[in-house]
Q: 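Questions regarding the structure given below will be posed in turn.
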Amino acid sequence: MPGKVVTITSGKGGVGKTTATANLGVALAMENLKVVVLDADIGLRNLDMMMGLENRIVYDLVDVVEGRCRLRQAMVRDKRLPELYLLPAAQTRDKTAVSPSNMIDICNQLRDTTDFIVVDSPAGIERGFQNAVAAADEVIIVTNPEVAAVRDADRVIGLLEAEEKGPIHLVINRVKPDMVRRGDMLDTSAVIELLAIDLIGIIPEDESIVGAANRGQPIVLSNNSQAGLAFRNIARRLLGHSVPFAPLEKPGLFQRFIKLVRSEGE
Amino acid sequence: MGQPVDVTIKGIRQGLLIRLRGGTWDAQLAQLAERLRIGASFFKGGQVALDVGDQALAQNDLQAARDLLSTYEVTLWAIVSPNDDTTLVAARMGLTVNMDVGERVEAVAPPTDDDEVEDLSSGVLVIDRTLRSGQKAHHPGHVIVFGDVHSGAEVIAGGHVVVWGSLRGVVHAGAFGDEGARVCALDLSPTQLRIAGHIARSPDDKRRRPVPEMAQVRSHRIEAVPWKKN
(Lines give C-alpha, C1' and ligand atoms only; values in the text may rest on other atoms or scores of the structure.)
Protein backbone atom coordinates (compact mmCIF):
# COMPACT_ATOMS: atom_id res chain seq x y z
CA MET A 1 0.00 0.00 0.00
CA PRO A 2 1.44 3.39 -0.91
CA GLY A 3 2.27 5.72 1.97
CA LYS A 4 -0.12 8.31 3.19
CA VAL A 5 0.66 12.04 3.30
CA VAL A 6 -0.62 13.79 6.41
CA THR A 7 -0.15 17.56 6.56
CA ILE A 8 -0.18 19.41 9.86
CA THR A 9 -1.36 23.00 9.51
CA SER A 10 -3.16 25.72 11.46
CA GLY A 11 -3.30 29.14 9.86
CA LYS A 12 -2.11 30.92 13.00
CA GLY A 13 1.49 30.61 14.10
CA GLY A 14 2.66 29.36 17.44
CA VAL A 15 -0.14 26.90 18.11
CA GLY A 16 2.12 23.85 18.05
CA LYS A 17 2.28 22.60 14.46
CA THR A 18 5.94 21.68 14.55
CA THR A 19 5.63 20.08 17.98
CA ALA A 20 2.68 18.08 16.71
CA THR A 21 4.58 17.02 13.57
CA ALA A 22 7.63 15.85 15.51
CA ASN A 23 5.58 13.97 18.08
CA LEU A 24 3.17 12.44 15.61
CA GLY A 25 6.07 11.33 13.43
CA VAL A 26 7.79 9.69 16.39
CA ALA A 27 4.53 8.17 17.65
CA LEU A 28 3.83 6.60 14.26
CA ALA A 29 7.39 5.28 14.07
CA MET A 30 6.92 3.78 17.54
CA GLU A 31 4.07 1.77 16.01
CA ASN A 32 6.74 0.16 13.80
CA LEU A 33 5.81 2.13 10.72
CA LYS A 34 8.15 3.70 8.22
CA VAL A 35 7.78 7.44 8.62
CA VAL A 36 9.23 10.56 7.00
CA VAL A 37 8.66 13.91 8.65
CA LEU A 38 8.95 16.66 6.06
CA ASP A 39 9.57 20.27 7.00
CA ALA A 40 7.81 22.53 4.49
CA ASP A 41 8.60 25.69 6.46
CA ILE A 42 11.42 26.80 4.18
CA GLY A 43 13.39 29.70 5.60
CA LEU A 44 12.18 29.19 9.16
CA ARG A 45 12.95 25.57 9.78
CA ASN A 46 12.45 24.25 13.30
CA LEU A 47 11.47 20.63 12.94
CA ASP A 48 15.10 19.49 12.86
CA MET A 49 15.75 21.14 16.22
CA MET A 50 12.71 19.62 17.85
CA MET A 51 13.78 16.23 16.57
CA GLY A 52 17.34 16.82 17.78
CA LEU A 53 18.70 16.23 14.28
CA GLU A 54 19.94 19.69 13.31
CA ASN A 55 23.61 18.76 13.31
CA ARG A 56 23.09 15.81 10.96
CA ILE A 57 21.66 17.78 8.05
CA VAL A 58 23.73 17.76 4.88
CA TYR A 59 21.18 18.37 2.13
CA ASP A 60 17.65 19.75 2.30
CA LEU A 61 14.36 19.88 0.42
CA VAL A 62 15.47 22.67 -1.89
CA ASP A 63 18.63 20.74 -2.80
CA VAL A 64 16.39 17.86 -3.85
CA VAL A 65 14.09 20.13 -5.86
CA GLU A 66 17.00 21.82 -7.60
CA GLY A 67 18.74 18.55 -8.34
CA ARG A 68 21.84 18.97 -6.18
CA CYS A 69 21.26 15.64 -4.50
CA ARG A 70 19.06 12.59 -4.62
CA LEU A 71 16.03 12.42 -2.36
CA ARG A 72 17.60 9.59 -0.39
CA GLN A 73 20.68 11.69 0.40
CA ALA A 74 18.67 14.50 1.93
CA MET A 75 16.80 12.23 4.33
CA VAL A 76 18.23 12.29 7.84
CA ARG A 77 17.79 9.08 9.79
CA ASP A 78 16.50 9.56 13.32
CA LYS A 79 18.99 8.74 16.07
CA ARG A 80 16.43 6.78 18.13
CA LEU A 81 14.06 5.05 15.75
CA PRO A 82 15.45 3.17 12.74
CA GLU A 83 12.44 3.69 10.48
CA LEU A 84 12.03 7.42 11.05
CA TYR A 85 13.52 10.01 8.72
CA LEU A 86 13.55 13.79 8.53
CA LEU A 87 13.49 15.63 5.24
CA PRO A 88 14.64 19.08 6.36
CA ALA A 89 13.72 22.46 4.93
CA ALA A 90 16.33 24.88 3.62
CA GLN A 91 17.12 27.67 6.00
CA THR A 92 18.74 30.09 3.60
CA ARG A 93 15.95 30.16 1.02
CA ASP A 94 12.27 31.07 1.05
CA LYS A 95 8.90 29.53 0.20
CA THR A 96 9.17 30.32 -3.50
CA ALA A 97 12.06 27.88 -3.89
CA VAL A 98 9.52 25.04 -3.94
CA SER A 99 6.26 24.72 -5.88
CA PRO A 100 3.18 22.65 -5.09
CA SER A 101 4.02 20.32 -7.99
CA ASN A 102 7.54 19.79 -6.57
CA MET A 103 5.92 18.74 -3.31
CA ILE A 104 3.60 16.33 -5.07
CA ASP A 105 6.58 14.80 -6.93
CA ILE A 106 8.63 14.35 -3.79
CA CYS A 107 5.76 12.91 -1.78
CA ASN A 108 4.94 10.50 -4.60
CA GLN A 109 8.54 9.26 -4.58
CA LEU A 110 8.38 8.81 -0.81
CA ARG A 111 5.07 6.96 -0.89
CA ASP A 112 6.66 3.84 -2.35
CA THR A 113 9.05 3.33 0.53
CA THR A 114 7.20 4.72 3.53
CA ASP A 115 3.94 4.25 5.39
CA PHE A 116 3.47 7.85 6.48
CA ILE A 117 4.78 11.20 5.33
CA VAL A 118 4.02 13.84 7.94
CA VAL A 119 4.35 17.35 6.52
CA ASP A 120 4.91 20.35 8.79
CA SER A 121 3.24 23.40 7.26
CA PRO A 122 4.34 26.98 7.85
CA ALA A 123 1.89 29.46 9.38
CA GLY A 124 -0.23 31.50 7.03
CA ILE A 125 -2.30 30.69 3.97
CA GLU A 126 0.15 31.71 1.25
CA ARG A 127 2.63 29.81 -0.88
CA GLY A 128 4.16 27.83 1.97
CA PHE A 129 0.76 26.58 3.02
CA GLN A 130 -0.17 25.75 -0.57
CA ASN A 131 3.04 23.72 -0.85
CA ALA A 132 2.39 21.88 2.38
CA VAL A 133 -1.12 20.78 1.51
CA ALA A 134 -0.50 20.08 -2.19
CA ALA A 135 0.14 16.37 -1.70
CA ALA A 136 -1.95 15.81 1.42
CA ASP A 137 -4.22 12.78 1.68
CA GLU A 138 -5.29 13.83 5.16
CA VAL A 139 -4.94 17.11 6.97
CA ILE A 140 -4.63 17.73 10.68
CA ILE A 141 -5.56 21.21 11.85
CA VAL A 142 -3.89 22.22 15.08
CA THR A 143 -5.58 24.90 17.11
CA ASN A 144 -5.52 26.29 20.63
CA PRO A 145 -8.64 26.96 22.62
CA GLU A 146 -8.45 30.70 21.88
CA VAL A 147 -10.71 32.71 19.61
CA ALA A 148 -7.93 33.96 17.31
CA ALA A 149 -6.51 30.49 16.73
CA VAL A 150 -9.98 29.04 16.15
CA ARG A 151 -10.86 31.80 13.67
CA ASP A 152 -7.70 31.13 11.67
CA ALA A 153 -8.34 27.39 11.78
CA ASP A 154 -11.80 28.04 10.38
CA ARG A 155 -10.31 30.03 7.51
CA VAL A 156 -7.89 27.23 6.69
CA ILE A 157 -10.63 24.59 6.84
CA GLY A 158 -12.63 26.70 4.40
CA LEU A 159 -9.69 26.82 1.99
CA LEU A 160 -9.14 23.07 2.26
CA GLU A 161 -12.82 22.33 1.73
CA ALA A 162 -12.84 24.54 -1.35
CA GLU A 163 -9.98 22.43 -2.76
CA GLU A 164 -11.73 19.27 -1.60
CA LYS A 165 -8.76 18.23 0.52
CA GLY A 166 -9.42 15.84 3.29
CA PRO A 167 -10.41 14.16 5.47
CA ILE A 168 -9.65 17.00 7.87
CA HIS A 169 -9.01 16.22 11.53
CA LEU A 170 -8.79 18.56 14.48
CA VAL A 171 -6.19 18.63 17.25
CA ILE A 172 -6.82 21.00 20.13
CA ASN A 173 -3.47 21.77 21.69
CA ARG A 174 -2.48 23.45 24.95
CA VAL A 175 -5.73 22.90 26.79
CA LYS A 176 -5.49 24.06 30.39
CA PRO A 177 -8.18 22.29 32.38
CA ASP A 178 -8.16 24.74 35.28
CA MET A 179 -8.54 27.73 32.94
CA VAL A 180 -11.43 26.00 31.21
CA ARG A 181 -12.99 25.36 34.61
CA ARG A 182 -12.70 29.05 35.49
CA GLY A 183 -14.32 29.94 32.17
CA ASP A 184 -11.22 31.79 30.91
CA MET A 185 -10.59 29.40 28.04
CA LEU A 186 -12.87 27.99 25.39
CA ASP A 187 -13.68 24.43 26.30
CA THR A 188 -13.09 21.71 23.78
CA SER A 189 -16.75 21.20 23.01
CA ALA A 190 -17.09 24.88 22.09
CA VAL A 191 -14.13 24.60 19.71
CA ILE A 192 -15.55 21.47 18.10
CA GLU A 193 -18.94 23.11 17.73
CA LEU A 194 -17.40 26.19 16.12
CA LEU A 195 -15.28 24.30 13.63
CA ALA A 196 -17.56 21.35 12.98
CA ILE A 197 -14.85 18.89 11.96
CA ASP A 198 -13.78 15.52 13.28
CA LEU A 199 -11.72 15.64 16.50
CA ILE A 200 -8.64 13.42 16.56
CA GLY A 201 -6.80 14.65 19.64
CA ILE A 202 -6.74 16.87 22.68
CA ILE A 203 -3.32 17.77 24.05
CA PRO A 204 -3.19 19.15 27.58
CA GLU A 205 -0.81 22.01 28.34
CA ASP A 206 2.38 20.41 29.55
CA GLU A 207 5.40 22.45 30.60
CA SER A 208 7.72 19.55 29.95
CA ILE A 209 6.98 19.91 26.20
CA VAL A 210 9.10 23.06 26.06
CA GLY A 211 12.02 21.43 27.80
CA ALA A 212 11.69 18.34 25.65
CA ALA A 213 11.64 20.44 22.47
CA ASN A 214 14.71 22.36 23.58
CA ARG A 215 16.57 19.12 24.17
CA GLY A 216 15.45 17.74 20.82
CA GLN A 217 13.56 14.91 22.50
CA PRO A 218 9.89 14.86 21.43
CA ILE A 219 7.68 14.46 24.49
CA VAL A 220 6.08 11.33 23.11
CA LEU A 221 9.32 9.48 23.94
CA SER A 222 8.81 10.06 27.65
CA ASN A 223 6.54 7.60 29.33
CA ASN A 224 5.03 9.68 32.09
CA SER A 225 3.69 12.64 30.15
CA GLN A 226 -0.01 13.31 29.57
CA ALA A 227 0.84 15.19 26.39
CA GLY A 228 3.00 12.34 25.15
CA LEU A 229 0.18 9.90 25.72
CA ALA A 230 -2.19 12.22 23.86
CA PHE A 231 0.14 12.18 20.81
CA ARG A 232 0.38 8.38 20.91
CA ASN A 233 -3.41 8.29 20.94
CA ILE A 234 -3.58 10.56 17.88
CA ALA A 235 -1.23 8.23 16.02
CA ARG A 236 -3.40 5.24 16.89
CA ARG A 237 -6.59 7.06 15.85
CA LEU A 238 -4.92 7.98 12.57
CA LEU A 239 -4.29 4.26 12.05
CA GLY A 240 -7.99 3.63 12.44
CA HIS A 241 -8.04 2.41 16.04
CA SER A 242 -10.83 3.62 18.22
CA VAL A 243 -9.21 5.20 21.28
CA PRO A 244 -11.49 6.89 23.80
CA PHE A 245 -10.65 10.45 24.77
CA ALA A 246 -9.15 10.61 28.24
CA PRO A 247 -11.17 12.77 30.60
CA LEU A 248 -9.29 16.05 30.61
CA GLU A 249 -11.33 18.26 32.84
CA LYS A 250 -10.41 15.97 35.75
CA PRO A 251 -8.91 15.66 38.27
CA GLY A 252 -10.67 18.08 40.56
CA LEU A 253 -8.97 20.46 42.92
CA PHE A 254 -9.15 18.07 45.83
CA GLN A 255 -7.57 15.19 43.93
CA ARG A 256 -4.80 17.42 42.68
CA PHE A 257 -4.17 18.54 46.24
CA ILE A 258 -3.81 14.94 47.36
CA LYS A 259 -1.48 14.22 44.47
CA LEU A 260 0.61 17.24 45.41
CA VAL A 261 0.89 16.12 49.02
CA ARG A 262 1.85 12.65 47.89
CA SER A 263 4.51 13.74 45.49
CA GLU A 264 6.04 16.03 48.06
CA GLY A 265 6.10 13.20 50.55
CA GLU A 266 8.14 11.02 48.23
CA MET B 1 -33.38 57.36 -28.16
CA GLY B 2 -36.75 57.88 -26.67
CA GLN B 3 -36.83 55.18 -24.02
CA PRO B 4 -36.00 55.93 -20.41
CA VAL B 5 -32.65 54.86 -19.06
CA ASP B 6 -32.69 51.33 -17.74
CA VAL B 7 -29.93 49.81 -15.63
CA THR B 8 -30.30 46.18 -14.54
CA ILE B 9 -27.92 44.11 -12.49
CA LYS B 10 -27.61 40.35 -12.59
CA GLY B 11 -25.36 37.77 -11.04
CA ILE B 12 -23.35 35.62 -13.42
CA ARG B 13 -20.68 33.06 -12.65
CA GLN B 14 -17.87 35.56 -13.27
CA GLY B 15 -19.35 38.30 -11.07
CA LEU B 16 -21.99 40.79 -12.06
CA LEU B 17 -23.50 41.66 -15.40
CA ILE B 18 -24.82 45.21 -15.63
CA ARG B 19 -27.12 45.92 -18.53
CA LEU B 20 -27.36 49.52 -19.75
CA ARG B 21 -30.22 50.52 -22.02
CA GLY B 22 -32.13 53.62 -23.15
CA GLY B 23 -31.22 57.31 -23.06
CA THR B 24 -27.74 58.62 -23.75
CA TRP B 25 -24.48 57.05 -22.60
CA ASP B 26 -23.98 59.88 -20.13
CA ALA B 27 -27.45 59.34 -18.71
CA GLN B 28 -26.77 55.62 -18.40
CA LEU B 29 -23.54 56.30 -16.57
CA ALA B 30 -25.28 58.77 -14.29
CA GLN B 31 -27.81 56.16 -13.32
CA LEU B 32 -25.10 53.54 -12.90
CA ALA B 33 -23.26 55.97 -10.61
CA GLU B 34 -26.38 56.32 -8.52
CA ARG B 35 -26.72 52.53 -8.22
CA LEU B 36 -23.08 52.21 -7.26
CA ARG B 37 -23.43 54.91 -4.65
CA ILE B 38 -26.44 53.28 -3.00
CA GLY B 39 -24.98 49.80 -3.03
CA ALA B 40 -21.34 50.75 -2.50
CA SER B 41 -20.65 47.99 0.01
CA PHE B 42 -22.24 45.44 -2.28
CA PHE B 43 -20.15 46.31 -5.30
CA LYS B 44 -16.87 46.88 -3.51
CA GLY B 45 -14.16 44.51 -4.67
CA GLY B 46 -16.36 42.94 -7.33
CA GLN B 47 -15.89 42.51 -11.04
CA VAL B 48 -18.39 43.62 -13.60
CA ALA B 49 -19.25 42.96 -17.20
CA LEU B 50 -21.19 45.71 -18.97
CA ASP B 51 -23.88 44.77 -21.46
CA VAL B 52 -24.15 48.00 -23.45
CA GLY B 53 -26.48 46.83 -26.19
CA ASP B 54 -26.08 48.12 -29.73
CA GLN B 55 -24.38 51.42 -28.91
CA ALA B 56 -21.31 52.60 -30.79
CA LEU B 57 -18.94 53.63 -28.04
CA ALA B 58 -15.51 55.22 -28.29
CA GLN B 59 -12.56 54.51 -26.05
CA ASN B 60 -13.19 57.51 -23.84
CA ASP B 61 -16.80 56.37 -23.31
CA LEU B 62 -15.66 52.99 -22.05
CA GLN B 63 -12.85 54.57 -20.09
CA ALA B 64 -15.40 56.79 -18.34
CA ALA B 65 -17.32 53.69 -17.31
CA ARG B 66 -14.17 51.97 -16.15
CA ASP B 67 -13.13 55.01 -14.10
CA LEU B 68 -16.56 55.31 -12.57
CA LEU B 69 -16.51 51.67 -11.53
CA SER B 70 -12.99 51.88 -10.18
CA THR B 71 -13.93 54.72 -7.83
CA TYR B 72 -16.18 52.13 -6.17
CA GLU B 73 -13.37 49.56 -6.26
CA VAL B 74 -15.12 47.59 -8.97
CA THR B 75 -13.17 46.09 -11.85
CA LEU B 76 -14.55 46.30 -15.36
CA TRP B 77 -13.44 43.13 -17.10
CA ALA B 78 -15.79 42.58 -20.03
CA ILE B 79 -18.09 44.25 -22.52
CA VAL B 80 -21.11 42.63 -24.10
CA SER B 81 -22.37 44.22 -27.31
CA PRO B 82 -23.41 43.24 -30.83
CA ASN B 83 -21.79 46.46 -32.08
CA ASP B 84 -18.48 45.76 -33.80
CA ASP B 85 -17.02 49.23 -33.22
CA THR B 86 -17.68 48.99 -29.53
CA THR B 87 -16.27 45.51 -29.15
CA LEU B 88 -13.19 46.45 -31.15
CA VAL B 89 -12.51 49.38 -28.85
CA ALA B 90 -13.14 47.22 -25.81
CA ALA B 91 -10.76 44.53 -27.03
CA ARG B 92 -8.11 47.16 -27.65
CA MET B 93 -8.51 48.28 -24.02
CA GLY B 94 -7.73 44.77 -22.89
CA LEU B 95 -11.31 43.90 -21.96
CA THR B 96 -12.93 40.56 -22.60
CA VAL B 97 -15.60 40.79 -25.25
CA ASN B 98 -18.89 38.95 -25.52
CA MET B 99 -17.95 36.16 -23.15
CA ASP B 100 -20.43 33.41 -22.54
CA VAL B 101 -23.03 34.97 -20.28
CA GLY B 102 -25.23 31.94 -20.57
CA GLU B 103 -23.41 30.35 -17.65
CA ARG B 104 -25.55 31.75 -14.91
CA VAL B 105 -25.19 30.05 -11.59
CA GLU B 106 -28.60 31.01 -10.40
CA ALA B 107 -31.93 31.44 -12.03
CA VAL B 108 -32.38 35.08 -12.87
CA ALA B 109 -35.98 36.00 -13.44
CA PRO B 110 -36.74 37.68 -16.75
CA PRO B 111 -36.51 41.46 -16.54
CA THR B 112 -39.72 42.97 -15.31
CA ASP B 113 -41.07 46.38 -16.26
CA ASP B 114 -39.41 49.25 -14.50
CA ASP B 115 -39.96 47.59 -11.15
CA GLU B 116 -36.64 48.30 -9.58
CA VAL B 117 -37.08 46.40 -6.34
CA GLU B 118 -38.42 43.37 -8.11
CA ASP B 119 -35.57 43.51 -10.57
CA LEU B 120 -32.86 43.79 -7.95
CA SER B 121 -34.16 40.99 -5.82
CA SER B 122 -34.81 38.64 -8.71
CA GLY B 123 -32.67 35.54 -8.69
CA VAL B 124 -31.87 33.55 -5.60
CA LEU B 125 -28.42 32.33 -4.71
CA VAL B 126 -28.55 29.06 -2.81
CA ILE B 127 -25.44 28.12 -0.86
CA ASP B 128 -25.59 24.51 0.18
CA ARG B 129 -22.74 24.49 2.68
CA THR B 130 -21.26 26.34 5.61
CA LEU B 131 -19.47 29.62 4.94
CA ARG B 132 -16.28 29.69 6.96
CA SER B 133 -14.09 32.61 7.98
CA GLY B 134 -12.81 34.48 4.92
CA GLN B 135 -15.48 33.16 2.57
CA LYS B 136 -18.05 35.52 1.16
CA ALA B 137 -21.20 35.55 -0.90
CA HIS B 138 -22.15 38.69 -2.83
CA HIS B 139 -25.35 38.47 -4.78
CA PRO B 140 -27.80 41.03 -6.17
CA GLY B 141 -30.87 38.94 -5.29
CA HIS B 142 -31.81 36.93 -2.23
CA VAL B 143 -29.38 34.57 -0.56
CA ILE B 144 -30.24 31.31 1.14
CA VAL B 145 -27.60 29.43 3.11
CA PHE B 146 -28.20 25.82 4.08
CA GLY B 147 -25.47 25.74 6.69
CA ASP B 148 -23.82 28.13 9.11
CA VAL B 149 -22.21 31.48 8.45
CA HIS B 150 -19.16 31.53 10.70
CA SER B 151 -17.52 34.56 12.26
CA GLY B 152 -15.27 36.15 9.66
CA ALA B 153 -17.54 35.16 6.76
CA GLU B 154 -19.64 37.70 4.86
CA VAL B 155 -22.99 37.61 3.10
CA ILE B 156 -24.07 40.66 1.11
CA ALA B 157 -27.36 40.51 -0.76
CA GLY B 158 -29.53 42.91 -2.66
CA GLY B 159 -32.57 41.17 -1.19
CA HIS B 160 -33.26 38.98 1.84
CA VAL B 161 -30.85 36.66 3.58
CA VAL B 162 -32.05 33.38 5.07
CA VAL B 163 -29.66 31.15 6.97
CA TRP B 164 -30.80 27.67 7.90
CA GLY B 165 -28.17 27.43 10.60
CA SER B 166 -26.34 29.82 12.86
CA LEU B 167 -25.34 33.22 11.56
CA ARG B 168 -22.22 34.60 13.25
CA GLY B 169 -20.49 36.54 10.47
CA VAL B 170 -21.26 39.88 8.86
CA VAL B 171 -24.49 40.10 6.91
CA HIS B 172 -25.89 42.89 4.77
CA ALA B 173 -29.39 42.55 3.33
CA GLY B 174 -30.95 45.13 1.03
CA ALA B 175 -27.48 46.28 0.06
CA PHE B 176 -28.93 48.55 -2.64
CA GLY B 177 -31.01 50.39 -0.12
CA ASP B 178 -34.09 48.18 0.19
CA GLU B 179 -35.28 48.77 3.75
CA GLY B 180 -37.85 46.01 3.38
CA ALA B 181 -35.13 43.36 3.24
CA ARG B 182 -35.01 40.86 6.09
CA VAL B 183 -32.44 38.59 7.65
CA CYS B 184 -33.56 35.29 9.14
CA ALA B 185 -31.50 32.62 10.89
CA LEU B 186 -32.06 29.70 13.20
CA ASP B 187 -29.50 31.29 15.50
CA LEU B 188 -29.16 34.97 14.71
CA SER B 189 -25.98 36.21 16.36
CA PRO B 190 -24.07 38.05 13.66
CA THR B 191 -20.90 40.02 14.27
CA GLN B 192 -22.67 42.84 12.49
CA LEU B 193 -26.02 43.02 10.76
CA ARG B 194 -26.83 45.60 8.14
CA ILE B 195 -30.07 46.24 6.34
CA ALA B 196 -29.96 48.95 3.66
CA GLY B 197 -28.18 51.84 5.43
CA HIS B 198 -28.79 50.62 9.00
CA ILE B 199 -26.20 48.85 11.09
CA ALA B 200 -26.70 46.77 14.23
CA ARG B 201 -24.58 44.50 16.41
CA SER B 202 -25.71 41.48 18.35
CA PRO B 203 -26.27 42.24 22.03
CA ASP B 204 -23.12 41.77 24.09
CA ASP B 205 -24.79 39.67 26.76
CA LYS B 206 -23.93 36.00 27.10
CA ARG B 207 -25.47 33.53 24.78
CA ARG B 208 -29.03 32.59 25.50
CA ARG B 209 -30.68 29.50 24.16
CA PRO B 210 -30.83 30.20 20.44
CA VAL B 211 -34.24 30.69 18.85
CA PRO B 212 -34.91 31.36 15.20
CA GLU B 213 -35.06 35.11 14.70
CA MET B 214 -35.84 37.55 11.95
CA ALA B 215 -34.31 41.01 11.72
CA GLN B 216 -35.97 43.86 9.86
CA VAL B 217 -36.09 47.62 9.85
CA ARG B 218 -38.84 49.04 12.03
CA SER B 219 -39.14 52.77 12.62
CA HIS B 220 -35.62 53.45 11.35
CA ARG B 221 -33.80 50.83 13.36
CA ILE B 222 -33.05 47.15 13.06
CA GLU B 223 -35.15 44.92 15.25
CA ALA B 224 -34.89 41.17 15.75
CA VAL B 225 -38.03 39.26 16.63
CA PRO B 226 -38.66 35.53 17.00
CA TRP B 227 -39.11 34.00 13.57
CA LYS B 228 -42.29 32.01 13.48
CA LYS B 229 -45.48 31.54 11.64
CA ASN B 230 -47.35 34.81 11.32
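All values below were derived from every heavy atom in this structure, side-chain atoms included, with hydrogens, water molecules and symmetry-related copies excluded. Keep in mind that this is a model prediction, so the values were computed, not measured. The chains referred to below are lettered A, B, ... by the order of the sequence lines, with proteins before strands, and numbering in each begins at 1.
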Q: Counting only heavy atoms not in His220(B), do more than 12 sit closer than 6.0 Å to its NE2 atom?
A: no

Q: Output yes when a side-chain donor or acceptor of Arg132(B) lies under 3.5 Å from a complementary backbone atom of Leu195(A), and no otherwise.
A: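 A pair under 3.5 Å: yes.
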
Q: More than 12 heavy atoms of other residues, nucleotides or ligands under 6.0 Å from NZ of Lys4(A): is that the case?
A: no

Q: Mark yes when over 12 heavy atoms from residues, nucleotides or ligands other than Trp77(B) sit less than 6.0 Å from its CH2; otherwise mark no.
A: yes

Q: For Ser133(B) versus Arg155(A), what's the shortest heavy-atom pair and its separation?
A: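 So the minimum-distance heavy-atom pair works out to O-CD, 3.1 Å.
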
Q: Could you check whether any side-chain heavy atom of Thr130(B) comes within less than 4.5 Å of a side-chain heavy atom of Glu161(A), counting everything from C-beta outward?
A: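 Side-chain contact under 4.5 Å: no.
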
Q: Taking all non-hydrogen atoms of both residues, which atom of Leu194(A) and which atom of Arg168(B) are closest, and how far apart?
A: CD2-NH1, 3.6 Å

Q: How long is the gap from CD1 on Ile157(A) to CD on Gln135(B), to the nearest 0.5 Å?
A: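 Rounded to the nearest 0.5 Å, the CD1-CD separation comes to 10.5 Å.
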
Q: Verify the neighbour count for atom CZ of Arg182(A): are there more than 12 heavy atoms of other residues, nucleotides or ligands below 6.0 Å?
A: yes

